[in-house]
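Step one of this worksheet: look at the structure below.
Below, read A as the first sequence line, B as the second, and so on, with proteins coming before strands; counting in each chain starts at 1. Only a predicted model underlies this, so the values are computations on that prediction, with no experimental measurement involved.
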Amino acid sequence: MAGRAVRFHLQTQGGVAMAPVPSHSIDMLIRKLESIARLSDEEKNAIGHLPVTVRPLNAGQDIVREKDRPSQCCLLLEGWACRYQILGEGKRQIFSFHIPGDIPDLQSLHLKVMDHSVCTQSQATVAFIPHEALLELTATFPGIAAILWRDTLVDGAVFREWMTGIGRRTALQAVAHLFCELYVKLEAVGLARDHAYRLPLTQADLGDALGLSNVHVNRVLKELRGKGWITLHGGRLEINDWRELAHLCDFDPTYLHLERRAA
Amino acid sequence: MSLHLQPVPIATDSNDAESQLVFADGFLVAMLVRLSDDHGDEAGMWFLEAGFGRVDDPSQPKFADLDEAQEWIQRRLDGG
């Protein structure tokens, strides 16, 4: 994980102000929000005019850290991120994985102190949106405020599923469920199709997310491969038998509350 | 308190089939599994498949050899 100073480095570099973001960058946010709700043209236009600062980040770099008091939110444009917390003896719990279009620290808009950290899982491009601009946007467009609220409620629904996974699913079911969930989320924002996607996660990441040892993750992946249900190679996951995989873990995407469902 | 090992095959649904039951004064306190070649760099290490009572640890540590594993288990039993 990168040091605490990173957050400040992200905002300016060598005293040079960041270039204004091309409007298409924030399209990722519009695409994400449209996956869970309908946006009017006026609302899309307002989102498109948010002042953002775009930064490329390396993998494993902290975007915001526990105890920070952020003045901006981070919109993921490219790459993956995760929310996490470090426990004693260097143990780590990952709370969620994030894909382009997500704002993993949206809560900082209303909860002033971060109670966890967010870091990149892969090389990433992020857009920082000042809190002030988001507050103004949500005050002017209550419909957007409602959609962001909806997004946090979906977030809560995903946490509930993860609790079930950590507490009540077998290791095999927990990994299968996560693979199904990630596919449906990626597919909803146009970043996956044909039941395949880039998965920039290590076995340790999967273990830290699901409360499993990397030994168990390794065994499970071998078993899923052995059954022929998945192919995992070079950071790319192919789900060869969606029906079997989804059946194994009773995957039901209702909790993702998507406007359009994956097949 | 003295530790006693008893080798036993284990069905983990994987190639990790070699294990040792660890007893302390006749009580089962842990089960160690030798990691197979499926585990790359960690092949040959001993994995705490299960620990009971003070030896229970959700982080399920791995040890370079059985001596290291027994030292760790003993420390746990001693309250360390």
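- Of all residues in residues 153-165 of chain A, none places a non-hydrogen atom less than 4.5 angstrom from a non-hydrogen atom of chain B.
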Pull every donor-acceptor pair under 3.5 angstrom between chain A and chain B and give the atom names with distances.
residue	atom	partner	partner atom	Å
A:Asn214	OD1	B:Lys62	NZ	2.5
A:Asn214	ND2	B:Glu42	OE1	3.1
A:His216	NE2	B:Glu49	OE2	3.4
A:Asn218	ND2	B:Asp38	O	3.0
A:Asn218	ND2	B:His39	ND1	2.8
A:Arg219	NE	B:Asp16	OD2	2.7
A:Arg219	NH1	B:Glu49	OE1	3.2
A:Arg219	NH1	B:Glu49	OE2	3.0
A:Arg219	NH2	B:Asp16	OD2	3.2
A:Arg219	NH2	B:Glu49	OE1	2.8

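- Residues forming a side-chain contact (heavy atoms from CB on, under 4.5 Å) with A:Ala176 (at least two apart in sequence, or on another chain): A:Leu245, A:Leu248, A:Cys249.
- Counted within 6.0 Å of CZ on B:Phe27, heavy atoms from surrounding residues, nucleotides or ligands total 12 or fewer; the atom is thus considered open.
- Scanning for side-chain contact (heavy atoms from CB on, under 4.5 Å) contacts around B:Ala69 gives B:Leu32, B:Phe63, with sequence neighbours left out.
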